[in-house]
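I have placed the structure first, in the form of structure tokens, so that the comments after it can refer back to it.
Letters go in sequence order (proteins before strands), and every chain restarts at 1.
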Amino acid sequence: MSYAIETKDLSKYYGNFRALNKVNLNVRYGEIYGFLGLNGAGKTTAIRTMLGMIRPSEGQVRVLEQVIGPGGGGPWARVGHLVESPSAYPELTVRENLDIARRMQGLPDRRAVDGIIEKLALASYADRKAGTLSSGNFQRLGLARALLHQPELLILDEPANALDPAGIVEIRGLLLDLARDHGTTIFMSSHILAEVDLLADRIGIIHKGELVDELDAARLEELRERQLIVETRDVSKAREVLTEFAPLAVNGHLVLKDERAVKAPDQIATLLVTAGTPPTRLSVEQENLEEYFLKLTHSQDE
Amino acid sequence: MNPLPSALWTEALKMRRSKVPFFITLGFSIAPLVGGLFMIIMKDPAAAKDMGLISAKAQLTTGSADWATFFEFLAQAVPMGGAILFAILTSWVFGREFADRTAKELLALPVSRSAILTAKFMLVLLHTLTTTLWIFGVGLVVGYLVDIPGFSVDLLRSKFLDIFGSALLTIALLPLVAFIASAGQGYMPAFGWTIFTVVLAQIAAVTGWGDWLPWSVPALFSGAAGPRADLLGWHSYLMVLLASGVGLFLTFRWWRYADQTR
């Protein structure tokens with residue numbers, strides 16, 4: 001099977017420090033791959049290695065089926081990227097910055113710049129110097145540069161950084177559109193787990209330089225624990241009634257992780273009503289990605 | 001689209017929009033103006049004192065006010081000023097990519113890193129040569145306005161070669177500045193290097209080893225310290241060439257192979 005990005009035993013050492021340790025990661029064509037990790041986990045090192053900016057100490061990276069070697073050679077006309085915080089020449093306007101990107105991508109058509117300015121809602125800032133932009137618009141400019149040449153593969157480091165909530169929703173829609181309607185492969189790192197949760201088809205979790213998990217979003221759904229939240233006016237009495245389900249009292253309500261309880265909240269309600277402490281709220285909630293992520297990384301630490 | 005013209009267009013736009021290259025040329029323009037002032041003073045020191053141009057303690061009352069002296073002043077100013085101002089330009093052209101954190105945008109592109117570096121060096125060469133011509137031109141205008149005596153076409157030709165030659169030798173040493181601005185990832189290491197080489201050049205020239213030190217060669221070539229045939233040998237030019245080649249090699253190699261983490 002061929003992959004848009006494939007790393008084999010990818011390692012990067014700085015002295016004794018292992019920034020990446022035998023990372024084997026596969027990004028399929030057309031998917032949105034969410035790359036999760038704490039600060040310093042190795043996300044940016046991995047991304048820079050994929051883009052030929054850092055040479056691996058060991059292992060190999062293939063991008064769009066081309067081995068990335070030293071010296072900057074790679075299928076870059078087909079790849080758009082945004083690494084760490086966006087950057088631009090501050091004394092140049094938004095349009096000029098994008099025109100530079102257009103030239104460097106070898107795009108002869110000047111209209112490509114107008115198109116991307118329109119798409120990223122930068123039209124009212126097009127003739128403003130990049131150095132005067134707000135951080136949100138600066139991020140948009142970085143994204144515009146990454147998308148300008150309509151790449152097959154997008155490698156984005158924290159694409160939602162600095163965007164306001166409306167901007168996040170807008171960029172999410174844009175990325176989904178690119179992946180679903182245009183077949184663009186998207187590899188995105190993020191610390192905003194909810195964002196990854198909403199977008200990604202697959203998720204890779206990196207911790208202390210090691211890829212600790214790589215799984216489909218559907219599989220992640222299965223793995224995440226579900227729990228029944230019970231609120232009642234008499235928590236201690238309800239706890240006695242539900243002892244066999246090992247309830248945990250958390251912030252004035254009960255949490256039941258027992259599968260019998262999660263699958264049959266109606267029976268729990270009956271038990272509570274019969275005991276004279278009817279529930280004021282019953283809700284089956286799924287462990288969120290943050291909880292799953294923290295559980296996984298903590299287990300790696302232990 | 002051809003990579004080198006694209007890279008040249010890009011680098012030229014960055015230079016045009018920035019104030020740094022403009023101010024470097026403007027700052028250098030002071031040299032012929034100061035030379036003109038000296039000529040006014042030397043022509044008539046007593047009048048200059050009366051006008052308040054110089055104080056009673058001034059040493060600048062000897063020497064002849066003629067075109068040969070004026071050109072010699074320019075020939076000293078170009079390698080000395082160039083060593084600092086041209087180095088500032090070079091460290092800006094290369095170091096700015098790190099100061100503005102734009103270096104990472106130059107690394108994974110269809111246009112090769114070599115093409116981008118070649119464009120940067122070509123633009124530095126073009127700007128420094130243009131600045132040298134500009135200073136020479138301003139010098140001619142200033143000299144004409146001050147009405148310095150002793151002009152001849154032969155003198156013009158010979159001093160143009162002195163000034164332009166010393167500028168070329170100064171420019172040849174800039175690749176090492178480019179390398180230090182790149183490997184040091186900013187302007188400051190390159191500034192430090194420039195000051196170090198300027199001081200070293202002075203020491204080497206004073207101790208009589210200037211012909212072996214590339215950074216002393218441009219000033220010695222200018223003829224300000226005496227006939228260059230007495231001061232420099234073929235080995236001097238070879239040392240400049242070597243320093244230039246090492247600088248180019250290291251810069252290209254660094255951009256190609258070093259880990260880029262900024």
Side-chain angles (χ1 to χ4, degrees), chain A residues 12 14 19 44-45 47-57 63 68-93 95-97 99-109 129-131 138 141-142 145-146 149 151 153 155 157, chain B residues 1-23 92-120 123 182 185-187 249 251-262:
Chain A
K12 181 67 187 175
Y14 294 103
T44 301
T45 306
I47 285 177
R48 281 186 180 267
T49 314
M50 288 169 193
L51 292 166
M53 298 177 184
I54 290 178
R55 288 172 20 153
S57 305
V63 173
I68 304 304
W76 308 130
R78 298 156 63 201
V79 179
H81 66 266
L82 176 65
V83 182
E84 287 182 280
S85 50
S87 55
Y89 297 103
E91 70 277 11
L92 267 59
T93 64
R95 190 184 298 281
E96 285 169 336
N97 268 288
D99 218 21
I100 282 181
R102 178 184 69 80
R103 287 262 183 174
M104 297 305 246
Q105 285 295 347
L107 298 177
D109 190 356
K129 288 186 177 176
F138 210 66
L141 174 57
R145 186 166 38 211
H149 52 298
L153 170 66
I155 298 178
D157 200 358
Chain B
M1 212 176 265
N2 198 335
L4 187 60
S6 292
L8 274 170
W9 182 90
T10 296
E11 291 304 318
L13 179 65
K14 289 188 222 170
M15 269 189 141
R16 266 202 342 259
R17 288 285 180 270
S18 171
K19 293 183 179 73
V20 176
F22 171 74
F23 277 111
W92 174 79
V93 166
F94 288 84
R96 70 157 309 172
E97 305 292 356
F98 301 95
D100 291 330
R101 304 185 76 86
T102 44
K104 61 179 185 278
E105 311 298 345
L106 304 176
L107 302 170
L109 292 171
V111 172
S112 70
R113 297 178 195 178
S114 305
I116 293 168
L117 293 179
T118 305
K120 282 184 181 293
L123 262 294
S182 305
Q185 305 200 333
Y187 316 117
F249 174 78
T251 309
F252 277 84
R253 192 142 182 101
W254 187 86
W255 278 84
R256 188 171 167 82
Y257 290 109
D259 282 348
Q260 305 285 348
T261 53
R262 287 194 71 178

Interface residues of residues 251-259 of chain B facing chain A - heavy atom cut-off under 4.5 Å: B:Arg256, B:Tyr257, B:Ala258, B:Asp259

Toward chain B, the part of A:Arg78 with a non-hydrogen atom under 4.5 Å: neither

Part of B:Arg96 lying under 4.5 Å from any heavy atom of chain A: side chain

For chain A, the option from B:Ser112, B:Ala108, B:Ser18, B:Ser114 that forms the most heavy-atom pairs under 4.5 Å: B:Ala108

Best-contacting candidate, B:Asp100, B:Leu109, B:Leu106, against chain A by heavy atom pairs under 4.5 angstrom: B:Leu109

Atom pair CG (B:Leu13) and CD1 (A:Ile100), whose distance is rounded to the nearest 0.5 Å: 5.0 Å

Sub-4.5 Å side-chain heavy-atom contact between B:Leu117 and B:Phe94: yes

For A:Glu84, all residues meeting side-chain contact (heavy atoms from CB on, under 4.5 Å), sequence neighbours excluded: A:Thr44, A:Arg48, A:Asp157

Side chain to side chain donor-acceptor pair (under 3.5 Å) against A:Arg55, all qualifying residues, sequence neighbours excluded: none

Top of A:His149, A:Glu96, A:Lys129 for chain B proximity - count of heavy-atom pairs under 4.5 angstrom: A:Glu96

Trace of the side-chain contact (heavy atoms from CB on, under 4.5 Å) decision for B:Val93 with B:Leu123: CA-CA 9 Å; B:Val93 166; B:Leu123 262 294; over 6 Å; no

Considering all heavy atoms, the nearest A:Phe138-A:Ser87 contact: CE2-CA, 3.7 Å

Greatest number of heavy atom pairs closer than 4.5 Å to chain B - which of A:Ala88, A:Gly74, A:Gly73, A:Pro75: A:Ala88

Minimal non-hydrogen separation, B:Lys14 against B:Glu11, with atom names: NZ-OE2, 2.8 Å

Side chain / backbone / both / neither for B:Arg113 at chain A, heavy atoms under 4.5 Å: side chain

Spacing of A:Met53 atom CE and A:Thr45 atom OG1 [to the nearest 0.5 Å]: 12.0 Å

For A:Asp99, all residues meeting side-chain contact (heavy atoms from CB on, under 4.5 Å), sequence neighbours excluded: A:Arg102, A:Arg110, A:Val113, B:Trp9

